[in-house]
Amino acid sequence: MQQALSGMNSRLSSIGGSVVGAGDARTRAQLDRSITRPRVGEVSLSAFAFLFSELVQYSQKHVKGIQDLEKRLNLVGYRVGQRLLELLVFRDRGSKRDVKLLNALLFINTNVWKALFGKPADSLEKSSEHDDEYMISDNDLVVNRYISIPKEMAQLNTGAFVAGIVEAMLDGSGFPARVTAHTVPVAGFPFRTTILIKFDAKVMEREKRLADK
Amino acid sequence: MAKTLKTLGEDVWRTKVEKVNGELFALTYGSIVTQLCRDFNNNYAKVNAQLDKMGYNMGMRLIEEFLARSQLGRCRDFRDTAETVAKVAFKMFLNISPAVTNVAPDAKAFSLVFDENPLAEFVELPEAARRRAVGSAAGPVENGDAMASAPAPLWFSNVLCGVVRGALEMVQLQVDARWVSDVLLGDECSEMRVTLIKVLEDEVPAGED
């Protein structure tokens, strides 16, 4: 199953490529719809929260532990991120790629968070111990707001879903990384979620090469 | 009466509901459906059933929030229920207002026609998911076999049927909700048929009088 992005199709067909799957006039119409401005508007947070909790509950049946559950949530988020990358880069960046690491991170920190959650992330930090680690933090992650974690699963952070989104966006931009979500309570914000991004060695080498030029 | 419900729905949406990006919602749902298709090996009948089950669980909890925010009392009849579901409930959660049509003469069934579906944004179904059983199969049919081999289309927004079923069951109405047509399958419109099976009596737990 594909979630086709409309607008892309009209550009593709003008290059002369053939379009996959558009059998009848109705599906062709779906692919031609504009994506420049979001058409869906908003839905209630509760609708999303209920859906997300069902996702977590469903995933729990197929896994054997916290790591597995986070991996599954990451995978579901990954698919969202792949499509979100195309959508947001098309809208906010005019389809221009970010080639510098910091710009890509800033894009996620500001644009992506703003598009998804209505406000930029609370902080973007570079790890002082590891050169290839960065952290994006959110004091009150929307997806976690109505999730309560039982004591025996205290290690779990369902923000793994958002980590998946971030991972897909970085992978798709050419900055492969491993992204995970952790709960890092801070004074005043007991449920602060930190998205930890660990870039591949190749990415750091390339950054160094570009910086040295 | 319908007008007041409409205004109520809009008011609740505007003032009492915290909102989130609809595209995130659509993409998340799509990712969930994809995951289910993968888990069930593209057996769309099972995916439909699972979506309905998830919706049922959601509906059972959603009804409380609905009642709390809308502050509505009992509906006078099933037709009233239909209007409430369409104008207030769907508005409050998804910001859409499906139309109530095809009310059965004995008012025991109605259809909701959706002209916009936030779940189906960006979605295109593959050919295999759109295939439906063509009439009755020729030749002898074994009891279990016909159902197993008849291709079921993927009712993408089946979760909504479950939500309606679960929510109404919590207010003592046992209904059957199913899609009869879906834009994603190439139909003209997306229509959900809701049929009242029976009104559940409040059961007194054994031992109490």
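Convention: sequence-line order gives letters A, B, ...; per-chain numbering from 1.
For chain A, the nearby part of B:Gln50 is the side chain; its heavy atoms alone come within less than 4.5 Å. Residue A:Ser59: no heavy atom, backbone or side chain, is found under 4.5 Å from chain B. Proximity to chain A (any heavy atom under 4.5 Å) is restricted, for B:Glu65, to the side chain, taken from C-beta onward. Residue A:Phe48 touches chain B through both its backbone and its side chain, counting heavy-atom pairs closer than 4.5 Å. With a 4.5 Å cut-off on non-hydrogen atoms, A:Val142 touches chain B through its side chain but not through its backbone.
The aromatic rings of A:Trp113 and A:Phe117 sit perpendicular to each other, their planes meeting at more than 60°, with 30° as the lower class boundary. Under the 30°/60° scheme for interplanar angles, the aromatic rings of A:Phe199 and A:Phe175 are found to stand perpendicular.
Heavy-atom neighbours of B:Arg193 CZ from other residues, nucleotides or ligands within 6.0 Å: above the threshold of 12.
Of all the listed residues (B:Ile96, B:Val159, B:Asn57, B:Val163), the one sharing the greatest number of non-hydrogen pairs under 4.5 Å with chain A is B:Asn57. Of the residues considered (B:Glu116, B:Met92, B:Met58), B:Met58 shows the highest number of contacts with chain A, using heavy-atom pairs under 4.5 Å. Among B:Asn95, B:Leu94, B:Asn42, B:Val17, the residue making the largest number of heavy-atom pairs under 4.5 Å with chain A is B:Leu94.
Ring pair A:Phe52/A:Tyr146: centre-to-centre distance not below 6.0 Å.
A salt bridge does not link A:Lys64 to A:Asp68: none of the charged side-chain nitrogens sits closer than 4.0 Å to a carboxylate oxygen.
The two residues A:Val179 and A:Asn74 come nearest to each other via the heavy atoms O-ND2, 3.4 Å.
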